[in-house]
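Positions are given from 1, in the same order as the sequence printed here.
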Amino acid sequence: MVHLSFFLKPVNTVNTKGTLMEDVKEVTRIEMRNDLSKNQLLYILLVSLLEDVPETSNILSILKSRDHLFKTFIKNEADQLVLLKAWGQFVNQRKPAMVNKTVTALSHWYDCEMVDEEIFIQWYNTLEKGNALEKKSEKFIEWLNEEDEDED
């Protein structure tokens, strides 16, 4: 498994000024060296960022600390869907306890306009009905649908 060590810096010590180019270069080197697909890349970024984070931690500040990097690699709707699928893979296969942070992650990616509303709904419709990820995502999707109805 490829591991991106620069993500292991504690969030409060991350210097956000001038790090985007360094992060992008490091991730691009790893991506090219290992011939990673976009799904593999985003999954590895999530694992590297959240694997050692206790389930009781506030992941919002952690996600915010690397928004710039994720936005560099999420360029279109297909990439947005890949991010959500990578989140699903992470919580279903790697760290099931993190499923409780799903609404936080989805809300953050919506608020910072990283993922479009339609992509959330498209992703949600592919989830296995009744599994933990689908259940944890349901209220967020209901809220999106309410917002959509309010705009009409």
Quiz item: Under the salt bridge (charged side-chain N to carboxylate O under 4.0 Å, His left out) test, which residues partner E138, sequence neighbours left out?
Solution: none
Exercise. Step through the shown structure and confirm whether more than 12 heavy atoms of other residues, nucleotides or ligands are within 6.0 Å of CD on E142.
Key: yes
Exercise. Taking D116 for its side chain and I119 for its backbone only, find out whether a donor-acceptor pair lies under 3.5 Å.
Key: no
Quiz item: Do K75 side-chain atoms and T72 backbone N/O form a donor-acceptor pair below 3.5 Å?
Solution: yes
Self-check item: Partner residues of Q89 under the side chain to side chain contact (heavy atoms under 4.5 Å, CB included) criterion, sequence neighbours left out
Solution: N39, Y43, Q93
Exercise. Please check if atom NZ in K64 has more than 12 non-hydrogen atoms from other residues, nucleotides or ligands closer than 6.0 Å.
Key: no
Quiz item: Passes side-chain contact (heavy atoms from CB on, under 4.5 Å), L84 versus W109? Steps please.
Solution: CA-CA 10 Å; L84 297 175; W109 292 327; 3.9 Å; yes
Quiz item: Are any side-chain N or O atoms of K71 and backbone N or O atoms of C112, one a donor and one an acceptor, separated by less than 3.5 Å?
Solution: yes
Self-check item: Heavy-atom donor-acceptor pair, K95 side chain to E51 backbone, under 3.5 Å
Solution: yes
Quiz item: Hey, does the side chain of K101 reach the backbone of E55 with a donor-acceptor pair shorter than 3.5 angstrom?
Solution: yes
Exercise. For D67 and M114, work out which heavy atoms get closest and say how close.
Key: OD1-CE, 3.6 Å
Quiz prompt | Exam field: side chain S48 to backbone L45, donor-acceptor pair closer than 3.5 Å | solution = no
Quiz item: ring pair (Phe, Tyr, Trp, His ring centres under 6.0 Å): which pairs involve residues 115-136, sequence neighbours left out?
Solution: F120-F140
